[in-house]
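One structure is given below, encoded as structure tokens.
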Amino acid sequence: MRAAQVKAFGGPEVLATVELPDPVPGPGEVLIEVAHADTIFVETQVRAGRFRAYFPIEPPYVPGGGVAGTVTAVGEGVDAAWVGRRVTSFVTGSYAERVTAPVTAPTPVPDGVDLRTAAALVHDGVTAAGLLEHTAVGPGDRVLILGASGGMGTLLIQLARARGARVVAAARGARKSALVRELGADAVVDVSEPDWVERARQALGRPGSTRAAEAGTEAVAEAAADVVLDGVGGELGLAAFPLTADGGRFSAHGAPSGGFAAVDATEAERRGVTLFGIGDVQFGEAEVRRLTAHVLAEAAAGRLRPVIGARFPLTEAAAAHAAIEGRELVGKVVLDV
């Protein structure tokens with residue numbers, strides 16, 4: 001079978017198409033013929049040799065961790081009824097034509113959801129849905145989303161709105177700002193503008209927010225977010241932390257900027273702000289299946305639309321990584337296998 005393999009740590013050019021032996025499902029496993037492979041930004045960082053403490057992997061390796069496809073064979077002890085099912089699954093090494101997975105990993109894809117859409121929800125859908133559960137986003141909450149035009153950010157907007165929250169989306173540039181507005185953000189701030197923090201504060205303090213409602217008045221409420229979802233990290237994430245209301249929630253789960261937001265834990269404790277990090281969105285198999293089924297059902301019902309900004313064939317995985325790192329795309333990049 002064909003696969004994309006990282007030959008050594010480095011730039012996108014270290015990704016090469018190779019021929020590898022076809023995988024064979026072992027006991028308790030299924031074989032999936034991959035239609036589409038998910039990609040996420042962190043895969044480019046791992047390929048570059050970063051975050052070794054979190055990802056102790058050595059080249060050569062096949063990157064990627066999520067697929068959508070069809071089960072074509074099963075191993076010993078697995079019900080043959082799995083054969084022919086369209087599924088999504090977390091796997092090891094998804095940039096390949098065929099992969100194996102424990103039978104406990106796949107989630108059936110409902111009718112009405114195409115496999116490309118399903119692939120776009122494998123990682124980002126699960127993480128977005130789980131993140132909103134952990135941060136307890138609910139009706140009336142003011143939610144600030146950083147990195148709102150990315151694969152997960154676009155889903156967070158829709159899912160937070162579905163929970164009754166008021167969403168302020170932070171994106172970079174006019175094109176990305178237009179997209180997040182189209183997806184339902186109540187207000188949009190452009191982080192390329194020098195006064196974006198003040199603009200976000202003004203947007204968060206508009207009438208109708210939680211504290212104004214509780215006070216029974218239409219006066220402008222305290223200009224702060226009940227929940228900040230930081231999918232960017234670095235200086236932008238750090239600049240957003242003061243926008244969190246006392247007693248609010250701040251999630252520093254993204255680091256495409258090169259590092260997670262270095263929030264002062266002592267200051268957070270003083271203000272009663274609950275901090276969440278990347279460790280809070282590492283889910284077990286049961287949670288993954290539940291969250292995956294939820295986002296696939298939302299997509300089937302027409303309530304959730306992943307934004308796929310670009311598609312690349314498996315043989316152009318290097319170009320896909322270059323596009324992701326270029327930061328010009330909106331939404332997700334998906335590999336068509």
Side-chain angles (χ1 to χ4, degrees), residues 2-18 34-51 55 57 59-68 93-97 114-125 127-128 145-157 169-180 182-183 190-192 231-234 236 254-259 305-337:
R2 291 182 305 172
Q5 189 178 69
V6 172
K7 296 290 192 177
F9 292 129
E13 69 279 358
V14 303
L15 272 163
T17 304
V18 297
V34 180
H36 308 281
D38 178 37
T39 65
I40 55 177
F41 193 92
V42 72
E43 288 161 7
T44 70
Q45 296 172 301
V46 174
R47 185 217 66 229
R50 305 188 67 175
F51 301 132
F55 302 98
I57 190 168
Y61 70 93
V62 175
V67 300
S94 65
Y95 292 17
E97 291 181 317
D114 64 88
L115 288 176
R116 185 176 293 115
T117 295
L121 293 169
V122 173
H123 276 106
D124 289 336
T127 304
I145 300 174
L146 272 65
S149 66
M152 188 167 68
T154 52
L155 299 176
L156 283 171
I157 293 169
R172 184 178 297 276
R175 185 168 66 99
K176 294 180 178 181
S177 295
L179 169 67
V180 298
E182 175 194 336
L183 290 172
D190 186 343
V191 296
S192 65
V232 177
L236 280 176
S257 58
R305 174 173 69 89
V307 176
I308 300 175
R311 296 158 43 197
F312 292 86
L314 177 64
T315 53
E316 295 180 17
H321 273 216
I324 292 169
E325 291 176 319
R327 309 291 184 93
E328 294 302 316
L329 296 174
V330 297
K332 286 197 64 66
V333 172
V334 172
L335 293 180
D336 294 335
V337 179

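Starting from 1, each residue takes its place in the sequence as its number. Fair warning: this is a prediction, and the values are worked out from it, not measured in the lab. Excluded from the calculations below are hydrogen atoms, water molecules and symmetry mates; all remaining heavy atoms, backbone and side chain alike, are included.
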All pairs passing salt bridge (charged side-chain N to carboxylate O under 4.0 Å, His left out) where residues 171-180 contributes a residue, at least two apart: none

Test item: Thr154 side-chain N/O and Gly151 main-chain N/O as donor-acceptor pair under 3.5 Å: yes

Sub-4.5 Å side-chain heavy-atom contact between Val6 and Pro63: yes

Thr117 and Asp114: side chain donor to acceptor below 3.5 Å: yes

Side chain proximity check, Pro12 to Arg47, heavy atoms < 4.5 angstrom: yes

Residue pair His123, Asp38: steps toward the side chain to side chain contact (heavy atoms under 4.5 Å, CB included) verdict: CA-CA 7 Å; His123 276 106; Asp38 178 37; 2.5 Å; yes

Validation row: Pro60, Gln5 side chains within 4.5 angstrom (heavy atoms): yes

Student check: side-chain heavy atoms of Val46 and Ile57 closer than 4.5 Å: yes

Stepwise salt bridge (charged side-chain N to carboxylate O under 4.0 Å, His left out) check, Glu316 with Arg311: CA-CA 10 Å; Glu316 295 180 17; Arg311 296 158 43 197; over 6 Å; no

Smallest separation among heavy atoms of Gly173 and Ser192, with atom names: N-OG, 4.0 Å

Between Glu43 and Tyr95: side-chain donor-acceptor atoms closer than 3.5 Å: yes

Thr39 vs Val334 side-chain heavy atoms within contact, under 4.5 Å: no

Contacts of type ring pair (Phe, Tyr, Trp, His ring centres under 6.0 Å), residue His36, not counting sequence neighbours: none

Nearest heavy atoms of Phe41 and Thr44, plus distance in Å: O-OG1, 2.6 Å

Side chain to side chain contact (heavy atoms under 4.5 Å, CB included) between Val18 and Lys7, worked out: CA-CA 10 Å; Val18 297; Lys7 296 290 192 177; 3.5 Å; yes

Leu183 side, atom CG; Leu156 side, atom CG - distance, nearest 0.5 Å: 11.5 Å

Sub-4.5 Å side-chain heavy-atom contact between Val307 and Leu179: yes

For Val337 against Arg2, the heavy-atom pair lying closest together: O-NH2, 4.3 Å

pair Pro306-Leu155: side-chain heavy atoms closer than 4.5 Å: yes

Residue list, side chain to side chain contact (heavy atoms under 4.5 Å, CB included) with Leu329, at least two apart or on another chain: Ala310, Ala323, Val333

Atom of Leu115, atom of Ala35 and distance for their closest heavy-atom approach: CD1-CB, 3.8 Å

Closest heavy-atom pair and its distance - Thr17, Leu314: OG1-O, 4.5 Å

Minimum heavy-atom distance between Lys332 and Ala120, given as atom pair plus value: CD-O, 3.1 Å

